Asks: 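Handing you a structure now.
Predicted model only: the values in this text are computed from it and were never measured.
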Amino acid sequence: MNTLTDRYLAATLRSVPAQRRDEIATELRASIGDMIDDRTSGGADVATAEREVLTELGNPDLLAARYADRRLQLLGPTYYLIWWRLMKLLLSLIPAIVGTIVAIVEVAEGKGFGAIGPGIVAAMQTGVQIAFWLTLTFVLIDRFQPTVDLPDWTVDQLPDVPAHRDISLVETIASVVMLLVTIAYLPLQHYRSWVRDTDGDNIPVLEPALWSFWLPALIVVLAASVVFEIVKYRVGRWTWPLYGTKALLNLAFSVPVVWLALNDRLLNPALGERLAWLADADNRNTLGATIAVGVAVIMVWDLVDTALKTRRQAV
């Protein structure tokens with residue numbers, strides 16, 4: 001026979017342990033028969049009653065899971081919160097660190113601007129690997145050790161109510177956008193700047209030889225600064241560890257720029273072909289000194305201002 005009941009039983013039994021199939025088949029067939037009899041005794045048609053009963057019992061795979069005492073979920077509530085907290089922590093730190101290290105190594109090997117791509121790819125691959133292996137680990141623990149004596153939650157674990165978010169979303173977005181625009185401009189000026197030679201070809205503003213190391217290194221520092229801004233917003237206020245990180249990033253960007261400017265290695269010498277005043281060495285030195293002083297003043301002002309904010313907010 002191939003009735004709806006037979007088909008329902010077959011669909012249910014294929015997902016239950018073999019040693020229990022006969023027992024479950026007998027019990028389930030009897031239950032279905034009784035439920036059909038209840039409906040037909042009230043005047044319902046047998047075929048209609050059978051369809052209504054099976055619809056009420058629901059998906060046979062769900063019914064089989066209940067018979068087999070099998071959970072239909074990847075990760076249960078016992079470990080979910082621990083898994084989620086650890087996932088957020090690792091993904092917020094490790095991929096960025098790995099990507100930055102790979103980019104620095106690529107720059108050291110002379111890859112120049114091409115170091116950015118491998119760094120991004122390495123960060124993405126690291127994120128995927130972390131998500132996969134961490135989830136797999138917790139799934140296996142949940143399957144083979146579903147009950148564990150975890151510390152009970154107490155009111156002492158409640159965090160303090162944040163009095164005020166000292167770092168706004170608007171401020172963070174503005175900083176991130178400025179950093180991304182700067183990152184985009186560095187390669188863009190090499191191909192499309194506002195200066196053209198007599199043949200109409202583009203003249204890069206910055207010294208093209210810097211692509212062998214310095215410009216990729218500065219891009220890596222700017223990318224790390226983007227990550228820093230996001231982390232800073234998540235923390236919500238300035239702390240001394242954040243201030244230390246900010247100082248290192250500022251120095252990592254400003255010191256090379258100042259050194260390059262003072263040594264007449266920042267701007268493209270070819271600019272003198274179109275800008276006559278740059279052809280004079282004294283003018284170039286004056287411009288380099290102006291750039292160096294400006295960068296240094298901005299860096300010092302930023303660090304002093306940030307130190308004052310940190311002192312107020314870290315209390």
Side-chain angles (χ1 to χ4, degrees), residues 96 99-100 102-104 106-108 110-124 170-197 199-233 245-246 248-275 277-278 283-284 286-303 306:
T100 302
V102 169
I104 292 174
E106 294 287 324
V107 169
K111 296 295 181 62
F113 182 64
I116 298 176
I120 294 175
V121 171
M124 295 175 61
V170 173
E171 176 187 349
T172 301
I173 293 176
S175 298
V176 169
V177 169
M178 184 179 66
L179 289 168
L180 292 177
V181 168
T182 305
I183 291 173
Y185 173 75
L186 292 180
L188 180 63
Q189 59 82 34
H190 188 77
Y191 301 101
R192 296 184 63 87
S193 71
W194 50 272
V195 185
R196 302 283 176 175
D197 61 18
D199 296 327
D201 296 328
N202 180 73
I203 299 179
V205 175
L206 302 177
E207 168 63 75
L210 296 177
W211 282 111
S212 63
F213 176 78
W214 287 112
L215 289 181
L218 292 176
I219 289 175
V220 170
V221 173
L222 291 171
S225 299
V226 172
V227 176
F228 171 80
E229 291 295 330
I230 297 172
V231 173
K232 183 183 70 174
Y233 175 74
T245 305
K246 170 78 169 178
L248 290 175
L249 290 173
N250 281 8
L251 290 170
F253 183 85
S254 301
V255 171
V257 172
V258 169
W259 180 79
L260 291 170
L262 291 177
N263 286 275
D264 195 20
R265 297 180 59 184
L266 182 63
L267 299 179
N268 188 358
L271 290 174
E273 299 175 6
R274 296 295 292 171
L275 304 175
W277 61 278
L278 277 180
N283 290 339
R284 288 200 306 272
T286 300
L287 179 59
T290 302
I291 294 174
V293 171
V295 171
V297 168
I298 292 174
M299 180 192 68
V300 172
W301 176 84
D302 187 33
L303 291 180
T306 304

Asks: Drop me the distance from Leu186's CG to Leu215's CG, to the nearest 0.5 angstrom.
Replies: 6.0 Å

Asks: In chain order, what residues pass the salt bridge (charged side-chain N to carboxylate O under 4.0 Å, His left out) check against Glu229, with sequence neighbours excluded?
Replies: Lys232

Asks: Measure the shortest side-chain to side-chain distance between Ser225 and Phe253 over non-hydrogen atoms and say whether it is less than 4.5 angstrom.
Replies: no

Asks: Do Val205 and Tyr185 make a side-chain contact, defined as non-hydrogen atoms from C-beta onward lying under 4.5 Å apart?
Replies: yes

Asks: Heavy atoms, side chains only, cut-off 4.5 Å: are Leu287 and Asn283 in contact?
Replies: no

Asks: What pairs meet the side-chain hydrogen bond (donor to acceptor under 3.5 Å, both in side chains) rule with one or both residues in residues 170-180, with sequence neighbours excluded?
Replies: none

Asks: Residues in side-chain contact (heavy atoms from CB on, under 4.5 Å) with Ala123, at least two apart?
Replies: Pro95

Asks: I need the full list of salt bridge (Lys or Arg N to Asp or Glu O under 4.0 Å) pairs touching residues 202-224, with sequence neighbours left out, sorted by first then second residue.
Replies: none

Asks: At what distance, to the nearest 0.5 angstrom, does CG of Leu222 lie from OG1 of Thr182?
Replies: 6.0 Å

Asks: Can you run down the salt bridge (Lys or Arg N to Asp or Glu O under 4.0 Å) pairs that involve residues 253-263, sequence neighbours left out, and say none if there aren't any?
Replies: none

Asks: Using atom types as modelled, flag every donor-acceptor pair under 3.5 Å from a side chain in residues 255-268 to any protein atom, sequence neighbours excluded.
Replies:
from, atom 1, to, atom 2, distance (Å)
Asn263, ND2, Trp259, O, 2.7
Asp264, OD2, Arg284, NE, 3.1
Asn268, OD1, Ala270, N, 3.1
Asn268, ND2, Pro204, O, 3.0

Asks: Output every pair passing salt bridge (Lys or Arg N to Asp or Glu O under 4.0 Å) with a member in residues 214-228, not counting sequence neighbours, ordered by first then second residue.
Replies: none

Asks: Which residues pass the side-chain contact (heavy atoms from CB on, under 4.5 Å) test with Val177, not counting sequence neighbours?
Replies: Ile173, Val181

Asks: Using the test side-chain contact (heavy atoms from CB on, under 4.5 Å), find all partners of Thr290 that sit at least two apart in sequence or belong to another chain.
Replies: Thr286

Asks: I'd like to know if the side chain of Ser212 and the backbone of Ala209 have a donor-acceptor N/O pair within less than 3.5 Å.
Replies: yes

